[in-house]
> 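First the structure, which I've put down as structure tokens, then a few questions once you've had a look.
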2 protein chains.
Amino acid sequence: MDGTDDYVLDEQVGFLMRRANQRHLAIFARSIPDLTPTQFAALARLCELERVSQNALGRATAMDAATIKGVVDRLRARGLVEVTPDEVDQRRVVLAPSEAGRALFRSLQARAASITAETLAPLSDGERETFLSLLRRLV
Amino acid sequence: MDGTDDYVLDEQVGFLMRRANQRHLAIFARSIPDLTPTQFAALARLCELERVSQNALGRATAMDAATIKGVVDRLRARGLVEVTPDEVDQRRVVLAPSEAGRALFRSLQARAASITAETLAPLSDGERETFLSLLRRLV
DNA sequence: CCGCGATTGTTGGTATACAAGCGGATTTTG
DNA sequence: CAAAATCCGCTTGTATACCAACAATCGCGG
């Protein structure tokens, strides 16, 4: 039992992912101060899907129903998302990006791409590919 | 300008990290329901450092001063951490794991290690090494 | 057509997380 | 030694994030 039980926090994948995520979040906030990563993800998906229900958007962006509600509320409050009741299913609301939402997304697209680049900047091109493909298998 | 502006959310490192983290958090919560990953990290560091101030523990676990306060409060409420005022520096409080805290950490250590293993289970041994070493460079 | 399970959106509660700002203590510096 | 800078812990406010519970609605089987 000499070395089997040493638990080194700094080598745990969860701790490393948390810290890597912190660094990425800081890069994002510096580059796009107006929108959080979550809000941007929701807006991006909405621009891609055009018309979806709230929960469906949540599933498409890996967010809980309770979480997506708050995100959509904040996007709505800023006029980036429009909400209309679904005509057939009375439980649903249909979300769509407003013209302002679409314009904002377009204007931020390039910056968003550069955020990914900056996050991965410590790695070489090949390492980036490797990292992303391994990461994709851990979702 | 045909393909330069397609922003694919699912390929962004932030989105992938968020989802990989979600999966890891779910594994953690299933395996150690009593403690959050953050609380466990703080407890682990505390067992390693024995006696630290609150903010110092926060820095050692990559937590904001406001964040570590809440974490320590909850650990204290469960009797896992003991607090004494620092004798020299009157601003500081000195944290130390209680006997119960040390015992809990010891009893969870193996499970914590298996959480890392389960999180990385989709990868082969070599891929795990690669992933961790790349991830370590992104913190 | 009736009932029952599933889905939709909502709410409340808990737990990170960070920014900003506070008063107080300590250390550095001029 | 006094002023400035720094550090300490705290609080407030905002934003994820998830769970659990809820009413309203929908769809399907009988």
Side-chain angles (χ1 to χ4, degrees), chain A residues 14-15 17-30 32-43 51-78 80-81 83-95, chain B residues 14-15 17-30 32-43 52-78 81 83-95:
Chain A
F15 190 63
M17 284 200 299
R18 187 168 134 266
R19 289 181 50 202
N21 212 40
Q22 281 176 346
R23 174 170 162 273
H24 171 259
L25 261 33
I27 292 171
F28 193 106
R30 189 161 36 74
I32 303 184
D34 301 341
L35 238 43
T36 66
T38 327
Q39 289 168 3
F40 184 78
L43 183 59
R51 292 174 60 78
V52 257
S53 77
Q54 186 172 283
N55 280 1
L57 180 61
R59 286 189 294 270
T61 47
M63 292 177 214
D64 197 65
T67 303
I68 192 66
K69 184 200 186 312
V71 174
V72 167
D73 282 353
R74 285 179 281 275
L75 291 176
R76 270 180 65 179
R78 298 180 46 183
L80 303 173
V81 169
V83 180
T84 49
D86 189 306
E87 310 219 339
V88 278
D89 192 335
Q90 297 192 298
R91 296 168 304 179
R92 292 192 187 174
V93 293
V94 178
L95 307 180
Chain B
F15 189 63
M17 285 201 298
R18 187 169 133 262
R19 289 181 51 202
N21 212 40
Q22 281 176 345
R23 174 170 162 274
H24 171 258
L25 261 35
I27 292 171
F28 194 105
R30 188 159 37 74
I32 304 185
D34 301 341
L35 239 43
T36 66
T38 326
Q39 290 167 4
F40 185 79
L43 183 60
V52 257
S53 77
Q54 186 171 282
N55 279 2
L57 181 60
R59 284 190 295 272
T61 47
M63 292 178 214
D64 197 67
T67 303
I68 192 66
K69 186 204 184 307
V71 174
V72 167
D73 282 353
R74 284 179 281 276
L75 291 177
R76 270 180 65 178
R78 298 181 45 184
V81 168
V83 180
T84 50
D86 189 306
E87 310 219 339
V88 280
D89 192 332
Q90 299 193 296
R91 297 167 302 178
R92 291 190 188 176
V93 291
V94 179
L95 308 180

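So that the names make sense, note that chain A is the first sequence line, chain B the second, and so on, each numbered from 1.
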> Starting at atom CG of B:Asp73, determine the distance to atom C1' of C:dA17, rounded to an integer number of angstrom.
15 Å

> Does A:Thr36 make a side-chain N or O approach to OP1 or OP2 of D:dT16 shorter than 4.0 Å?
yes

> Does a side-chain N or O from A:Thr38 land closer than 4.0 Å to OP1 or OP2 of D:dT16, or not?
yes

> With a 4.5 Å heavy-atom cut-off, do B:Pro37 and B:Leu25 have their side chains touching?
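Result yes, sub-4.5 Å side-chain heavy-atom pair found.
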
> Decide yes or no, distance alone: a donor-acceptor N/O pair under 3.5 angstrom between the base of C:dT8 and the side-chain of A:Arg91.
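In this structure, the two groups form no donor-acceptor pair.
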
> OP1 or OP2 of D:dC8 less than 4.0 angstrom from a side-chain nitrogen or oxygen of B:Arg59, does that happen here?
yes

> Does B:Gln54 put a side-chain nitrogen or oxygen below 4.0 Å from OP1 or OP2 of D:dC10?
yes

> Is the shortest side-chain heavy-atom distance between B:Val72 and B:Leu57 below 4.5 Å?
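A side-chain contact under 4.5 Å exists here.
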
> For the pair made of CG in A:Asp64 and C1' in D:dA20, what is the distance, rounded to whole Å?
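The distance from CG of A:Asp64 to C1' of D:dA20 comes to 11 Å, rounded to the nearest Å.
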
> Identify which nucleotide among C:dA19, D:dG9, D:dC19 has an atom closest to any side-chain atom of B:Ala66, counting heavy atoms from C-beta outward.
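Minimum distance to the B:Ala66 side chain belongs to C:dA19.
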
> Do the side-chain N or O atoms of B:Gln39 get closer than 4.0 angstrom to the phosphate oxygens (OP1, OP2) of C:dT16?
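Yes, within the criterion.
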
> What closest approach, in Å, do A:Leu75 and A:Leu43 show between heavy atoms, and which atom pair accounts for it?
CD1-N, 4.4 Å

> Is any side-chain heavy atom of A:Arg92 closer than 4.5 Å to one of A:Gln54?
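Result no, sub-4.5 Å side-chain heavy-atom pair not found.
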
> In this structure, how many angstroms lie between the P atom of D:dT16 and the CG atom of A:Leu25, rounded?
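To the nearest whole Å, that distance equals 10 Å.
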
> Reading DNA chain D from 5' onward, which residue's closest nucleotide shows up sooner: A:Gln90 or A:Met63?
A:Met63

> Side-chain N or O of A:Thr67 less than 4.0 angstrom from OP1 or OP2 on D:dT16?
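Indeed not, no polar side-chain atom of A:Thr67 lies that close.
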
> What is the separation between atom CZ on A:Arg18 and atom P on C:dC18, rounded to the nearest whole Å?
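Value for this atom pair: 7 Å.
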
> Atom NZ of B:Lys69 and atom P of D:dC7: how far apart are they, to the nearest Å?
21 Å

> Heavy-atom nearest nucleotide on DNA chain C for A:Val93 versus A:Gln22: which residue maps closer to 5'?
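Result: A:Val93.
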
> Tell me whether the OP1 or OP2 atom of D:dT16 has a side-chain N or O from A:Arg74 closer than 4.0 Å.
yes

> If I take atom CZ in residue A:Phe28 and atom P in nucleotide C:dA17, what distance separates them, rounded to the nearest angstrom?
18 Å

> Could you check whether any side-chain heavy atom of A:Ile68 comes within less than 4.5 Å of a side-chain heavy atom of A:Thr61, counting everything from C-beta outward?
yes

> If I take atom CG in residue B:Asn55 and atom P in nucleotide C:dG24, what distance separates them, rounded to the nearest angstrom?
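In whole Å, C:dG24 P lies 18 Å from B:Asn55 CG.
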
> Measure the distance from CD1 on A:Ile68 to C1' on C:dT8 and round it to the nearest whole Å.
14 Å

> Within the 4.0 Å heavy-atom criterion, would you say B:Val88 contacts the bases, only the backbone, or no part of the nucleic acid?
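Counting heavy atoms under 4.0 Å across all strands, the contact made by B:Val88 is with sugar-phosphate only.
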
> Side-chain N or O of A:Arg92 less than 4.0 angstrom from OP1 or OP2 on D:dC26?
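No, outside the criterion.
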
> Quick one: does B:Gln22's side chain have a donor or acceptor within less than 3.5 Å of a partner on A:Ala62's backbone?
yes

